[in-house]
J.: 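Sharing a structure, written as structure tokens. Questions coming.
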Amino acid sequence: MIHDSFGRALRDLRISVTDRCNFRCTYCMPAEIFGEGYKFLPRAEILTFEEIARLARLLVGMGAVKLRLTGGEPLVREEVEKLVAMLAAVEGVQDLTMTTNGFLLPQKAAALQQAGLRRITISLDSLDDAVFRRMNGNRSGVQKVLDGIAAAEQAGFSPIKINAVVQRGVNDHTIVDLARWAKERGYILRFIEYMDVGTLNGWRLEQVVPAKEIVARIHAEMPLEPIERNYRGEVAARFRYRDGGGEIGLIASVTMPFCGDCTRLRLSPEGQLYTCLFATEGTDLRGPLRAGASDAKLEQIIREMWSARDDRYSEVRAALTEEARHQSKVEMYHIGG
Ligand code: SAM
Ligand code: SF4
Ligand code: SF4
């Protein structure tokens, strides 16, 4: 086990398997920027599955027992199920999951389940087709994602988790509908406060709907009560419906930061490790990896990086100047949330 400068252990590893995506969500990869001419990482610069699995094995040995595959869109990486199988075979992995926009799940859900993926989170910001299209750059209607969710259920994923980013004036008028829909189907819905990740999405504080307000709006229609977190370090604040009909979670990184418990490390597609969602630079592992570094050498690099970790961006965000907030932070599509 390794601990950072605030005594936080390393527990969760988020692996971004690609910087590409078939959606253009305005809050993540706005189409104006990620257009035809946008240069994504060339194949040779992206870690191979073998390289990812080797790093994962080392990191699991250092405490990262929860693995999440993300992106970009993880399902656009060819044969990602092969990577799932390799990670499922790593000794010590307690949880292996994926966050996806769901579009390709009808083709992929069964293969992912067979490969050993046990849980899945599907992003769906609204059930209103026009609203959803506006948010994803008109790349998908709601039905496509619903088909993906159905495929995941059929393949045996349970429970299904749904992520919804909430933006004031964009989809906040549809959150109660989404909550009712998830409740009826037994899905665990997690609302995410719109975050100032990266520098490309033109984030404004006025567009953040505070978690408290989200809860109040749902509570007014379907009464809720708070419940304990599942474990220390869980980022979602949880509420259950008083009628016993399931729960919702709130990821309130803007209004209720949780840096004190943050045990997450992020691996980018080209092999950089980021110790914070809002980091301005990463630690390169691909260089040493491809130069033939031993496991011991790689472990030493990771240990040094984690020991020096002092990130708590969300806790200090309010005190930062505009300029500091706009420093060249890593983008969400790059490290996957
Ligand atoms: N493409 C996959 C998906 O959308 O589920 C995985 C990668 S995506 C970057 C991971 C999660 O981050 C998604 O649930 C997405 O909605 C969320 N996300 C992206 N940009 C965000 C932002 N600016 N604020 C809050 N959440 C964001
Ligand atoms: Fe793609 Fe996910 Fe970002 Fe949307 S949030 S653009 S689906 S990576
Ligand atoms: Fe963790 Fe950084 Fe988010 Fe704080 S701001 S919870 S340190 S990722």
Side-chain angles (χ1 to χ4, degrees), residues 4-6 8 10-12 14-31 33-34 40 68-77 80 97-105 120-126 132 135-137 139-140 144-145 148 161-167 170-171 189-204 207-209 211 233-235 250-254 256-266 268-269 274-280 309-317 320 329-337:
D4 72 6
S5 67
F6 295 140
R8 295 172 296 191
L10 168 62
R11 299 289 293 169
D12 317 70
R14 310 197 136 213
I15 302 170
S16 174
V17 296
T18 178
D19 59 339
R20 292 165 200 253
C21 185
N22 43 1
F23 284 14
R24 286 293 178 272
C25 302
T26 51
Y27 50 74
C28 180
M29 298 177 77
I33 296 169
F34 296 88
F40 289 97
R68 178 176 295 274
L69 294 175
T70 174
E73 172 48 43
L75 297 183
V76 304
R77 175 103 187 231
V80 72
T97 178
M98 174 183 281
T99 307
T100 168
N101 62 30
F103 192 88
L104 293 171
L105 275 178
I120 200 154
T121 301
I122 299 155
S123 302
L124 177 59
D125 297 330
S126 181
F132 185 53
M135 292 179 86
N136 66 41
R139 298 303 162 106
S140 172
K144 283 277 186 197
V145 180
K161 278 195 182 167
I162 307 288
N163 269 1
V165 177
V166 183
Q167 285 181 298
V170 180
N171 66 334
L189 177 60
R190 286 163 153 223
F191 289 108
I192 311 177
E193 285 180 348
Y194 174 37
M195 291 186 282
D196 52 332
V197 279
T199 52
L200 304 176
N201 60 14
W203 184 85
R204 284 180 295 117
Q207 279 193 307
V208 177
V209 182
E234 186 178 43
V235 296
L250 284 300
I251 302 181
S253 63
V254 180
M256 294 187 279
F258 37 78
C259 301
D261 279 344
C262 180
T263 53
R264 302 176 160 201
L265 179 64
R266 296 167 163 89
S268 76
Y274 289 90
T275 55
C276 178
L277 190 49
F278 301 90
T280 49
R309 178 179 188 247
D310 61 359
D311 305 279
R312 52 187 204 100
Y313 177 90
S314 286
E315 285 182 353
V316 299
R317 171 194 280 115
L320 292 177
K329 294 177 299 212
V330 62
E331 301 297 330
M332 187 74 140
Y333 76 94
H334 207 92
I335 53 171

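Note that the numbering runs from 1 along the sequence shown for the chain. All ligand and atom numbering here is 1-based and tracks the order in the structure.
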J.: With heavy atoms under 4.0 Å as the rule, classify the contact between C21 and ligand 2 as side chain, backbone, both or neither.
T.: side chain
J.: So which bit of T100 gets within less than 4.0 Å of ligand 1, heavy atoms only: side chain, backbone, both or neither?
T.: backbone
J.: Under 4.0 Å from a heavy atom of N101: give me the atoms of ligand 1 that qualify, with their elements.
T.: 2 (C), 3 (C), 5 (O)
J.: How close does the nearest protein non-hydrogen atom get to atom 17 (C) of ligand 1, and which residue and atom is it?
T.: M332 CE, 3.8 Å
J.: Provide the number and element of each atom of ligand 2 under 4.0 Å from a heavy atom of G72.
T.: 8 (S)
J.: Give the atoms of ligand 1, by number and element, whose distance to some non-hydrogen atom of C28 is under 4.0 Å.
T.: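 Answer, ordered by atom number: 19 (C), 20 (N).
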J.: Just which atoms of ligand 1 are under 4.0 Å from any heavy atom in E73?
T.: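 The atoms of ligand 1 under 4.0 Å from a heavy atom of E73 are 1 (N), 2 (C).
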J.: Regarding atom 3 (C) of ligand 1: of the candidates S123, A164, G72, which has the closest heavy atom?
T.: S123
J.: Any atoms of ligand 2 less than 4.0 Å from a non-hydrogen atom of N101? List them with their elements.
T.: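 Answer, ordered by atom number: 7 (S).
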J.: Quick one: does ligand 1 sit under 4.0 Å from the side chain of T99, the backbone, both or neither, non-hydrogen atoms only?
T.: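 The part of T99 near ligand 1 is both the backbone and the side chain.
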J.: Quick check on contacts: which atoms of ligand 2 are under 4.0 angstrom from a heavy atom of C25?
T.: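 Checking each atom against C25, I get 4 (Fe), 5 (S), 6 (S), 7 (S).
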J.: Assess, by modelled atom type and distance only, whether the side chains of E73 and N101 contain a donor and an acceptor separated by less than 3.5 Å.
T.: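 There is such a pair (donor and acceptor under 3.5 Å, judged by atom type) between the side chains of E73 and N101.
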J.: For the residue pair C276 and R266, what are the closest heavy atoms and their distance?
T.: C-NH1, 4.1 Å
J.: Answer yes if the side chains of T121 and R190 hold a donor-acceptor pair under 3.5 Å, and no otherwise.
T.: no
J.: Is the closest N or O pair between D125 and ligand 1 shorter than 3.5 Å?
T.: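 Min N/O separation from ligand 1 is not below 3.5 Å for D125.
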J.: Give the atom numbers and elements of ligand 1 that come within less than 4.0 Å of a heavy atom of Y194.
T.: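 Near Y194, meaning under 4.0 Å from one of its heavy atoms, ligand 1 has 23 (N), 24 (N).
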J.: Below 30° counts as parallel, above 60° as perpendicular, anything between as tilted: where do the rings of F103 and F23 land?
T.: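 Plane angle over 60°, so perpendicular.
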J.: Run the numbers for me: atoms of ligand 1, each under 4.0 Å from some heavy atom of T70, listed by number.
T.: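 What qualifies from ligand 1 is 6 (C), 7 (C).
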J.: State, with a plain yes or no, whether a side-chain heavy atom of D310 is found less than 4.5 Å away from one of F6.
T.: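 D310 reaches F6 side chain to side chain.
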J.: Between the side chains of D311 and Y274, does any donor sit under 3.5 Å from an acceptor?
T.: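 Y274 and D311 do not have a side-chain donor-acceptor pair below 3.5 Å.
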J.: Going by the side-chain contact (heavy atoms from CB on, under 4.5 Å) test, name the single residue among N163, V166, L250 that passes it with I192.
T.: N163
J.: Exactly which residues line ligand 3, taking a heavy atom under 4.0 Å from it as the test?
T.: F258, C259, C262, R266, C276, L277, F278, D311, Y313, S314
J.: If every non-hydrogen atom of D19 is compared with every non-hydrogen atom of M29, which pair is closest and at what distance?
T.: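 Reported closest heavy-atom pair: O-CE, 3.7 Å.
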